[in-house]
Participant: 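The structure's right below; bear with me while I get my questions together.
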Number of protein chains: 2
Amino acid sequence: MEKEWRRSMPLLSMNIVMQLTGLTARQIRYYEEQELVLPARTEGKQRMFSLDDIDTLLEIKDLLKTGVNIAGIKQIFELKNSPVVSKDVRKVISDIELRAIVKEEMQLAQRQQRASLRQGDLSRFYR
Amino acid sequence: MEKEWRRSMPLLSMNIVMQLTGLTARQIRYYEEQELVLPARTEGKQRMFSLDDIDTLLEIKDLLKTGVNIAGIKQIFELKNSPVVSKDVRKVISDIELRAIVKEEMQLAQRQQRASLRQGDLSRFYR
DNA sequence: TAGTATATGTTATGTTATCTAACATGTCAA
DNA sequence: TTGACATGTTAGATAACATAACATATACTA
């Protein structure tokens, strides 16, 4: 309860966030438009990000890379914020994400009669 | 060696540093002019501060409030960076600062035949 | 007492960083 | 092909920051 303070404090400007996440300003603003991140604003309306925001952005980046679209990410984030999942958040969430992704990919594959999901794409969920 | 990374990373812009330290931009720039802090710069020459810089600024603020002038602070910082004092840095430094301050104040008092140093001013060094 | 140094305030002027909004484009699936 | 999605690009406006010069209060010094 001193670390929480810092992680949620909006200290970082756009430029730094671009560097830390490897995302473009356009991407970051788009994700905000889609309400996936909600950076604070200065009096002059400039975005200020917290470390938590960085985590969120990195997760978005990762999920997009995995093939989940914005709508899917929205769902996942909603699940995360649902009070049901507040025991061992970390692990539970991973499972949920996994299932969401697999489900989406399965549906895709079915609809297209093809295997859009190569083995390698799930490897990071196993060990 | 993962925390060092973060503490020395220049992530913070002027505005945030002003808020975190309670110093004005003028003060911060002046301290840099006096080479007490050396913030990084963006390509566009804008200052970017690290958490270490914040610590330094807060220390400057504190020392100034205690009555030490810029020259004195410079000395103290030089002592800190001297390789001699690299065992139990924390404690040793406090002592050095204390002595430096006391010395300065004593000289002042002597020259002026007055007691410029009230008891209360040193109270924070004792317990 | 008059003069000087120190640390900071204030103002002016230019540059960099960020904003919003609109339009363009590559990719993929229907 | 057509359309949706995610992102690129550009334009024009504003916010944030830069340097530099001058002003000033306080505290020392002569």
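We name chains A, B, ... by the order of the sequence lines, and we start the count at 1 in each one. All values below come from the heavy atoms of this structure, side chains included, with hydrogens, waters and symmetry mates left out. As the structure is a prediction and not an experimental result, all values here were calculated from the model.
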Participant: Distance from A/Y31 atom OH to A/Q34 atom CD, nearest 0.5 Å?
Facilitator: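 CD of A/Q34 is found 10.0 Å from OH of A/Y31.
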Participant: Set out, line by line, the N/O atom pairs under 3.5 Å between protein and nucleotides 10-15 of chain D.
Facilitator:
| unit_1 | atom_1 | unit_2 | atom_2 | d |
| --- | --- | --- | --- | --- |
| D/dA15 | O4' | A/Q46 | OE1 | 3.4 |

Participant: Looking for any heavy atom pair under 4.0 Å, which part of the strands does B/R47 touch: base, sugar-phosphate only, or nothing?
Facilitator: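 Contact class for B/R47: sugar-phosphate only.
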Participant: Check the distance between D/dC5's C1' and A/K74's NZ and give it to me in whole angstrom.
Facilitator: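 Interatomic distance, NZ of A/K74 to C1' of D/dC5: 12 Å.
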Participant: Just how far, in rounded Å, is P of D/dC17 from CZ of B/R29?
Facilitator: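 It is 8 Å, rounded to the nearest whole Å.
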Participant: What is the distance, rounded to the nearest whole Å, between atom CE of A/M18 and atom P of D/dG8?
Facilitator: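 Atom-to-atom, A/M18 to D/dG8, this comes out as 9 Å.
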Participant: Kindly determine whether A/L36 and A/Y30 satisfy side-chain contact (heavy atoms from CB on, under 4.5 Å), including the steps that lead there.
Facilitator: CA-CA 9 Å; A/L36 295 180; A/Y30 180 65; over 6 Å; no
Participant: Over how many whole Å does the gap from A/L63 atom CG to D/dA6 atom P extend?
Facilitator: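 About 12 Å, once rounded to whole Å.
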Participant: Any link between B/L38 and B/L57 through a network of hydrophobic side chains (Ile, Leu, Val, Met, Phe, Trp, Tyr) touching at under 4.5 Å?
Facilitator: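 Different clusters: B/L38 never reaches B/L57 through Ile, Leu, Val, Met, Phe, Trp or Tyr contacts under 4.5 Å.
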Participant: Can you tell which of D/dT7, C/dG9, C/dT20 lies closest to the side chain of B/T24?
Facilitator: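 Selected nucleotide: C/dG9.
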Participant: I want to verify a distance call: between D/dC17, D/dA6, C/dC19, whose nearest atom is closest to the A/R41 side chain?
Facilitator: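 Selected nucleotide: C/dC19.
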Participant: What's the OH-C1' distance between A/Y30 and C/dC23, to the nearest Å?
Facilitator: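 After rounding, the reported distance stands at 16 Å.
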Participant: Take atom CG of A/L64 and atom P of C/dT27, then tell me their distance rounded to the nearest Å.
Facilitator: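 Nearest whole value for this atom pair: 17 Å.
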Participant: Looking only at atom types and distance, does a side-chain atom of A/Q19 sit under 3.5 Å from a main-chain N or O of A/I16, one as donor and one as acceptor?
Facilitator: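 Not confirmed, A/Q19 side chain does not pair with A/I16 backbone.
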Participant: Under 6.0 Å from the NZ atom of A/K74, do we count more than 12 heavy atoms belonging to anything else shown?
Facilitator: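 Buried by this count: over 12 neighbours within 6.0 Å.
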Participant: Minimum heavy-atom separation for B/M14 and B/I28, please, with both atom names.
Facilitator: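 For B/M14 and B/I28, the tightest heavy-atom pair comes out as SD-CD1, 3.9 Å.
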Participant: Nearest-Å distance, CD1 (B/I60) to P (C/dT6)?
Facilitator: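 Atom-to-atom, B/I60 to C/dT6, this comes out as 17 Å.
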Participant: Of all the choices, D/dT7, C/dA7, C/dT8, which nucleotide is nearest to the side chain of B/Y31 once you look at every atom?
Facilitator: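 In terms of side-chain proximity for B/Y31, the closest of D/dT7, C/dA7, C/dT8 is C/dT8.
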Participant: With the side chain of A/S13 defined as its heavy atoms from C-beta on, choose the nearest nucleotide among C/dT18, C/dG9, D/dC17.
Facilitator: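 Minimum distance to the A/S13 side chain belongs to C/dT18.
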Participant: B/R26 has a side chain; which of C/dT10, C/dT6, D/dC17 sits nearest to it?
Facilitator: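 Among C/dT10, C/dT6, D/dC17, the one nearest the side chain of B/R26 is C/dT10.
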Participant: Whole Å only: how far is the CD atom of B/E32 from the C1' atom of D/dA18?
Facilitator: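 Rounding to the nearest Å, CD of B/E32 and C1' of D/dA18 are 11 Å apart.
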Participant: Between A/N69 and A/I73, is the side-chain contact (heavy atoms from CB on, under 4.5 Å) condition met? List the steps.
Facilitator: CA-CA 6 Å; A/N69 62 15; A/I73 298 175; over 6 Å; no
